[in-house]
2 protein chains.
Amino acid sequence: MLTERQLLILQVIIDDFIESAHPVGSRAIAKKEVIPYSAATIRNEMADLEDMGFLEKTHSSSGRIPSEKGYRYYVDHLISPSILQKEGNVIKHMIQDGFFEFEQIVQMSAEVLSELTNYTSIILGPEIFETKLKQIQIIPLSANTAVAILVTNTGHVEHRSFSIPEEINSSDLEKMVNILNDQLHGVPILQLAEKFNAEIDAMMQKYVSDLDKSYQHLKGAFLQDHPVKLYIGGKSNMLMQPEFNDVNKIRAFYTMIENEEEIVNLLKQSNDGIKVSIGRENDVDAIKDLSLITAAYHLGEGQMGTIALLGPTRMEYRKVISLLSILSHEMTDVLYMRYKDEN
Amino acid sequence: MLTERQLLILQVIIDDFIESAHPVGSRAIAKKEVIPYSAATIRNEMADLEDMGFLEKTHSSSGRIPSEKGYRYYVDHLISPSILQKEGNVIKHMIQDGFFEFEQIVQMSAEVLSELTNYTSIILGPEIFETKLKQIQIIPLSANTAVAILVTNTGHVEHRSFSIPEEINSSDLEKMVNILNDQLHGVPILQLAEKFNAEIDAMMQKYVSDLDKSYQHLKGAFLQDHPVKLYIGGKSNMLMQPEFNDVNKIRAFYTMIENEEEIVNLLKQSNDGIKVSIGRENDVDAIKDLSLITAAYHLGEGQMGTIALLGPTRMEYRKVISLLSILSHEMTDVLYMRYKDEN
DNA sequence: TGTTAGCACTCATTCCTTTCGAGTGCTAAT
DNA sequence: ATTAGCACTCGAAAGGAATGAGTGCTAACA
């Protein structure tokens with residue numbers, strides 16, 4: 001339904017606006033090398049594109065800016081993945097050089113990503129729910145406190161301090177740890193509560209006598225919320241974007257970005273592949289004039305987490321999509337290589 | 001050298017400005033109940049206070065604002081600690097209710113502090129250098145990766161993944177862990193490197209054969225940098241302060257606050273008690289128009305960490321100083337109660 | 001019939017001027 | 001020593017005028 005010429009003009013306008021952040025006028029377009037038409041012709045086409053909803057004016061005699069529909073069309077039809085040799089190498093080296101824990105990689109990725117793009121990067125995960133318990137340790141600290149340490153097959157370590165009653169003797173504690181290790185090895189974190197209620201509660205009664213209170217404490221330590229880890233990089237990059245030249249916008253952005261819960265919800269809904277949400281396409285009102293690009297990374301079948309970039313709707317979609325694609329594949333690879341022989 | 005009346009006027013002006021953020025004029029002062037003088041008299045006194053450097057004008061016919069010297073005098077001589085029954089209780093409950101790990105307490109404290117004050121709170125620590133190793137675990141994850149877990153006497157858990165060569169056999173690994181536990185129990189984290197070089201290297205040679213590579217890996221895992229933990233709460237509170245109505249100031253602030261290294265240096269220099277740095281009194285240029293109040297908290301003799309509040313020079317010094325005092329004492333207490341029977 | 005030149009018109013932005021009012025400093029009176 | 005009074009200063013807000021980038025439309029052209 002769009003002519004070749006309209007496609008070309010739309011693309012050039014959006015490319016120009018993404019770079020300059022200024023409304024694009026007909027004369028500027030006509031001057032481009034790829035455009036063999038006069039400003040007047042461009043004006044006519046622009047008027048048509050506006051009628052069709054791909055462009056907007058900021059006021060009656062201004063140049064045009066892309067509408068959300070325009071960006072959507074641009075993302076869906078007008079961009080081909082860009083080749084990012086240099087950036088790709090940066091990411092690969094970061095992930096493959098040295099031996100970093102996965103959480104370190106995630107954190108570094110968030111930083112690199114925001115540096116390469118000048119937008120705000122958000123990385124969610126790794127989702128511990130999919131991972132399985134590997135080993136449990138309980139280490140007494142003092143007469144009435146101890147720390148429980150859980151290690152998962154992905155090398156993730158969680159610990160919880162808990163208080164132990166004075167009366168308990170150390171052999172009882174040891175027996176409990178043994179039972180836990182026997183029973184919980186290989187159990188997905190998500191199913192811990194279930195497993196406790198179905199089997200372990202009863203077992204504990206059978207093998208270990210008179211430890212009601214300390215067992216409750218221990219169980220409590222295991223079933224506490226497992227917080228979702230959230231890494232955000234380049235928050236202040238947004239301040240450099242010309243659309244954030246207004247104190248109120250900045251306030252709104254920072255109020256949003258520091259609300260972890262909201263961010264987690266925002267990212268969690270993303271499924272496979274790369275998803276682009278432009279402006280009001282986002283459910284969350286606070287980012288209704290920003291765009292969010294998300295990509296999932298995996299370990300085997302189960303989804304592990306989400307990588308995202310948040311920027312103005314005037315975003316370098318081409319570059320961002322390519323970068324996220326590279327990074328999510330690298331992260332999936334490194335996870336696979338590292339934990340393929342898990343048990 | 002200041003008359004009683006000048007003291008009174010200075011105090012009223014600063015109090016007023018702290019509340020309103022607007023330059024204070026003579027008429028407004030004269031209207032206050034505690035002031036039995038006319039505006040003209042106040043004007044004369046204000047001129048004198050300005051000559052002495054306690055007050056400033058923003059322009060030739062504006063009201064007065066406090067100078068840094070004025071704030072300094074105010075902090076040193078004009079404020080008595082305020083009674084914060086309600087806020088004090090909030091803090092006490094937070095710290096004493098439930099059983100939280102110390103790091104959780106620190107994080108919660110940062111949040112509560114920024115909520116109670118509407119400034120930005122920064123908490124440094126707990127300094128792990130002062131703490132001692134309690135136990136070491138090494139847990140194999142796959143054929144060639146393992147995770148080393150260090151637990152300190154304060155319940156702090158650190159973990160590092162490292163790769164192990166395929167050739168190693170598990171009994172060798174076990175021997176190594178035993179040696180490490182024997183040798184390192186009770187050793188301050190700070191002295192780990194020393195201890196390794198002085199004794200453990202040699203021991204390993206004696207007891208365990210042919211494990212050069214994996215031992216190097218393991219040692220590397222132990223001697224990696226122990227990052228200083230930094231908790232910052234209420235970054236966006238600053239945006240609500242009227243002095244941050246300018247995009248450039250916001251940029252400068254966020255650029256500074258997200259530079260962890262600089263922040264750590266800023267706080268580390270603080271010694272005992274509560275220290276107030278007003279505006280240019282701060283060494284760091286980036287906060288030359290902010291004030292920083294720091295308080296140390298302790299475990300026994302050794303300093304553990306620092307609590308700080310960062311706000312505009314027009315800060316509620318009275319309240320902030322009282323809050324920091326309460327919180328640092330509570331944190332010191334809880335540390336003492338919890339780890340007094342360490343070994 | 002598609003393209004382009006030309007021109008009147010629109011509107012944000014910038015700069016200047018005016019007005020307003022809060023506040024000062026100084027002088028003279030109490 | 002204190003205060004009333006008054007001229008003066010200066011920032012902030014409000015109102016024009018000038019500028020210029022950009023449009024829509026019409027009429028001419030290939």
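Proteins come first, then strands; the chains are lettered A, B, ... in the order of their sequence lines, and each starts at number 1. From a predicted model like this one, the values you see are computed outputs, not experimental measurements.
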**OP:** With sequence neighbours left out, write down each residue that passes salt bridge (Lys or Arg N to Asp or Glu O under 4.0 Å) with E68(B), or none if nothing qualifies.
**Re:** R280(B)
Original post:
Does a side-chain N-to-carboxylate-O contact under 4.0 Å join E19(B) and R314(B)?
Top reply: no
Subject >> Mutual orientation of the aromatic rings belonging to Y71(A) and Y317(A) [parallel < 30°, tilted 30-60°, perpendicular > 60°] >> reply: tilted
Original post:
Any side-chain donor-acceptor pair under 3.5 Å between S325(A) and S322(A)?
Top reply: no
Subject >> SB check D16(B) R64(B) (cutoff 4.0 Å) >> reply: no
Original post:
When you check the phosphate oxygens OP1 and OP2 of dA21(D), does a side-chain N or O of K57(A) lie under 4.0 Å from one of them?
Top reply: no
**OP:** Tell me which nucleotide among dG23(C), dT10(C), dT23(D) gets nearest to the side chain of S26(A).
**Re:** dT23(D)
**OP:** Mark yes when over 12 heavy atoms from residues, nucleotides or ligands other than R27(B) sit less than 6.0 Å from its CZ; otherwise mark no.
**Re:** no
Listed pairs, N/O of protein and of nucleotides 2-5 of chain C, under 3.5 Å:
from	atom 1	to	atom 2	distance (Å)
dT3(C)	OP1	R5(A)	NH1	2.9
dT3(C)	OP2	R5(A)	NH1	3.0
dT3(C)	OP2	R5(A)	NH2	2.8
dT4(C)	OP2	S38(A)	N	3.0
dT4(C)	OP2	S38(A)	OG	3.4
dT4(C)	OP2	T41(A)	OG1	2.5
dT4(C)	O5'	S38(A)	OG	3.4

Original post:
Roughly, in whole Å, what's the span from CD1 in I29(B) to P in dT24(C)?
Top reply: 10 Å
Original post:
Going 5' to 3' along nucleotides 11-19 of chain D, which nucleotides have protein heavy atoms under 4.0 Å from the base (write B), which only from the sugar-phosphate (write S), and which from neither (write -)?
Top reply: S--------
Original post:
What do the steps show when you test R318(B) against D15(B) for salt bridge (Lys or Arg N to Asp or Glu O under 4.0 Å), and what is the final call?
Top reply: CA-CA 10 Å; R318(B) 198 196 312 263; D15(B) 281 339; 3.6 Å; yes
Original post:
Side chains of E56(B) and S67(B): is there a donor and an acceptor less than 3.5 Å apart?
Top reply: no
Subject >> Distance, rounded to the nearest Å, where I65(A) contributes CD1 and dT23(D) contributes P >> reply: 13 Å
Original post:
For DNA chain D, whose closest nucleotide is more 5', that of S61(B) or that of E50(A)?
Top reply: S61(B)
**OP:** Would you kindly give the NE2-to-P distance between H22(B) and dG23(C), to the nearest whole Å?
**Re:** 10 Å
Original post:
According to a strict under-4.0 Å criterion, is R64(A) in side-chain N/O contact with OP1 or OP2 of dT23(D)?
Top reply: yes
